[in-house]
Amino acid sequence: MINLNLKKTLGSAGGKMDLDLQLIVEKGQFVTLFGESGAGKTSTLRMLSGLLKPDSGTIEVGGTTWFDSCKNIDLKPQQRKVGYVFQDYALFPNMNVRQNLEYALRKGQDKTIIGELLQFAELGPLEQRKPETLSGGQKQRVALARALVQRPEILILDEPLSALDLKMRIKLQEYLLQVHKKFKLTTILVSHDIGEIVKLSDKVFELQNGRVIKKGAAADFFGLNKTSAKFRFSGEILKIHREDVLYVISVLIGNDIIKVVADRTEADEFKIGDQVLVASKAFNPIIQKI
Amino acid sequence: MDWQPLMLTFKLAVVTTVILFVISIPIASWLSSTKSKIRPVLETLVSMPLVLPPTVLGFYMLLAFSPENAFGSWLDEWLGIRLIFSFGGLVVASVIYSLPFMVQPIQAGLSSLPSTLKEASFTMGKSYTTTLLKILLPNIKPSLLTGIVLSFAHTVGEFGVVLMIGGNMPGKTKVASIAIYDEVEALNYAAANSYSLILFSVTFIILLLVYLTNGGFFKRYGQ
């Protein structure tokens with residue numbers, strides 16, 4: 001179990017912000033931190049991993065204290081057993097894929113895990129390549145494999161898929177789930193993508209201005225359980241357009257833009273940029289090969 | 001022509017560059033990562049030789065190292081080192097004089113690396129020294145090369161500091177730049193010209209090699 005109790009004054013873009021949050025993550029859970037940029041999500045991950053020092057508070061992981069400002073305990077990042085996947089992947093440019101993984105080995109650790117991870121991440125054919133020659137999805141897989149070399153109990157993923165295209169993202173989401181189960185990890189993810197969050201996580205914490213403003217199981221969190229829809233997608237409103245008495249709302253779902261008809265009261269509720277759920281229950285959708 | 005001043009110049013430049021390389025890496029890595037309040041002060045001190053007339057630097061070193069004064073006599077009595085009018089003194093003076101030429105490129109190189117490289121290495125349990133040697137330095141090779149070459153070339157071109165602290169002792173402190181001045185004073189233009197031409201060509205070739213290497217010329221056309 002991870003028990004975080006953190007206080008920190010952060011200098012954000014809009015001036016100073018006081019981060020003050022309590023989070024409890026059960027062992028083996030897949031948890032997502034959700035919220036606007038600048039809400040303190042990445043800072044929370046950095047404090048958990050020891051890269052940023054809280055002003056005060058405690059961090060306990062599985063009964064061990066990693067940080068306690070009252071008792072003057074502050075484990076170095078080197079001593080915390082955390083696998084961290086950075087948003088920019090942070091692959092070492094001077095090393096090839098295999099060397100990147102090997103660098104992560106602990107002193108005296110058995111090397112066989114490197115081969116296993118390379119195979120599991122389907123990186124075998126790429127092992128001699130330098131990071132600069134890899135695609136975004138490949139880099140992502142290397143970063144993830146490298147974070148797993150030391151067999152951490154906690155995996156931290158800071159917007160790991162945000163730079164990838166939709167197809168790659170969906171593939172890697174599956175892969176993240178597999179990794180989470182296979183290595184029996186407690187995973188903490190930062191993500192903005194509602195579809196991704198619902199698909200991956202057990203629990204969601206929403207952060208705003210350094211505080212947890214809402215938490216819950218992923219499906220309940222976004223109100224998905226309220227509608228018993230036959231099919232449903234989440235997306236973002238791109239355009240609200242009036243046509244005679246009706247409004248046409250264009251929603252971006254994945255790579256596709258779909259148009260939904262709404263009446264005036266409905267249209268007033270929405271604004272461009274809103275995250276929405278598009279669902280249908282009265283009619284069966286038509287399915288067709290393309 | 002007497003080759004001794006040239007040999008002495010290159011010996012001085014090699015020794016200085018090696019010492020500078022070793023001491024500049026910790027200084028530069030500290031400067032690039034610290035948030036300490038004394039950082040601007042240290043940065044200023046490191047950069048001073050860029051703007052200060054070499055004679056000023058040489059003058060104070062001459063005073064400091066002189067056996068007549070406290071520091072110089074301490075060095076003389078306890079360590080048996082006399083830094084004025086000796087090769088050792090030239091090395092110390094050159095190290096101080098060329099410090100910014102080594103520290104600044106390395107510091108700039110380290111600062112340009114994304115901080116996540118360092119952090120990723122820390123989360124893998126690696127110490128700062130391991131991270132520096134295996135990750136940071138190998139990724140700033142062009143900056144290291146620039147630092148080495150600039151310090152070398154700058155030491156070759158030294159005149160004021162060397163003259164102040166080393167004097168003009170053949171075989172001991174008479175480096176090429178001083179020999180040129182000497183020959184011109186003696187109206188021996190031919191000898192001055194040979195020294196000058198050699199210094200000119202050597203520095204030209206060294207700098208050209210750096211720009212070709214850092215510009216990727218050898219990678220593109222070398223194979």
Side-chain angles (χ1 to χ4, degrees), chain A residues 11 42-43 45-53 66 75-96 99-109 113 130-132 139 142-160, chain B residues 21 25-26 28-30 32-37 39-40 105-148 210 213-223:
Chain A
T42 300
S43 300
L45 299 184
R46 288 170 60 82
M47 284 190 266
L48 174 60
S49 57
L51 297 171
L52 184 70
K53 194 179 170 183
W66 284 7
L75 292 193
K76 290 191 187 128
Q78 285 92 337
Q79 297 165 303
R80 305 188 185 194
K81 297 209 164 50
V82 165
Y84 202 125
V85 178
F86 292 85
Q87 200 173 356
D88 65 357
Y89 315 131
L91 299 179
F92 306 131
N94 57 320
M95 300 177 178
N96 65 29
Q99 288 164 335
N100 260 282
L101 265 64
E102 281 175 347
Y103 179 79
L105 286 168
R106 269 189 310 255
K107 254 194 193 136
Q109 194 185 346
I113 189 156
K130 287 276 177 73
E132 59 181 15
K139 282 183 191 166
V142 178
L144 190 60
R146 194 181 63 176
L148 296 170
V149 169
Q150 296 204 349
R151 301 300 303 258
E153 286 168 17
I154 301 173
L155 179 65
I156 291 178
L157 305 164
D158 189 358
E159 300 194 38
Chain B
F21 187 71
I25 287 172
S29 73
W30 187 79
S32 70
S33 60
T34 186
K35 286 178 186 143
S36 162
K37 284 188 183 125
R39 175 183 141 166
I106 300 180
Q107 187 188 343
L110 289 173
S111 304
S112 72
L113 290 176
S115 60
T116 49
L117 288 184
K118 192 164 75 182
E119 292 172 349
S121 175
F122 289 170
T123 62
M124 291 167 200
K126 310 299 174 197
S127 68
Y128 185 77
T129 314
T130 309
T131 307
L132 185 69
L133 295 178
K134 298 249 175 87
I135 306 292
L136 304 182
L137 294 180
N139 285 311
I140 57 158
K141 279 184 195 148
S143 309
L144 295 178
L145 183 64
T146 306
I148 289 171
V210 174
T213 312
N214 281 357
F217 179 84
F218 292 115
K219 266 190 192 157
R220 263 178 288 149
Y221 303 106
Q223 287 148 8

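Below, read A as the first sequence line, B as the second, and so on, with proteins coming before strands; counting in each chain starts at 1. Predicted model only: the values in this text are computed from it and were never measured.
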Below 4.5 Å from any heavy atom of chain B, which atoms of A/Y103 appear? Answer side chain, backbone, both or neither. both

So A/V85 and A/L157, do their side chains get closer than 4.5 Å, heavy atoms only? yes

Side chain from CB out, backbone as N, CA, C, O: work out which of these in B/T130 comes under 4.5 Å of a heavy atom of chain A, or both, or neither. both

4.5 Å side-chain heavy-atom contact, A/N100 and A/Y89: no

Heavy-atom proximity to chain A below 4.5 Å, by part of B/K118: neither

So, A/Q150 side chain and A/G83 main chain: donor-acceptor pair closer than 3.5 Å or not? no

Measuring heavy-atom distances to chain B, does A/I156 have an atom under 4.5 Å in its side chain, in its backbone, in both, or in neither? neither

Is the shortest heavy-atom distance from the side chain of A/Y84 to the side chain of B/T116 under 4.5 Å? no

Contact part of A/N94 toward chain B, heavy-atom cut-off under 4.5 Å: side chain, backbone, both or neither? both

For B/Y128 and B/F122, take the angle between the two ring planes, folded into 0 to 90°, and tell me which bin it lands in: parallel under 30, tilted 30 to 60, perpendicular over 60. tilted

Counting heavy-atom pairs under 4.5 angstrom with chain B, the leader among A/A147, A/A143, A/G50, A/A104 is A/A104

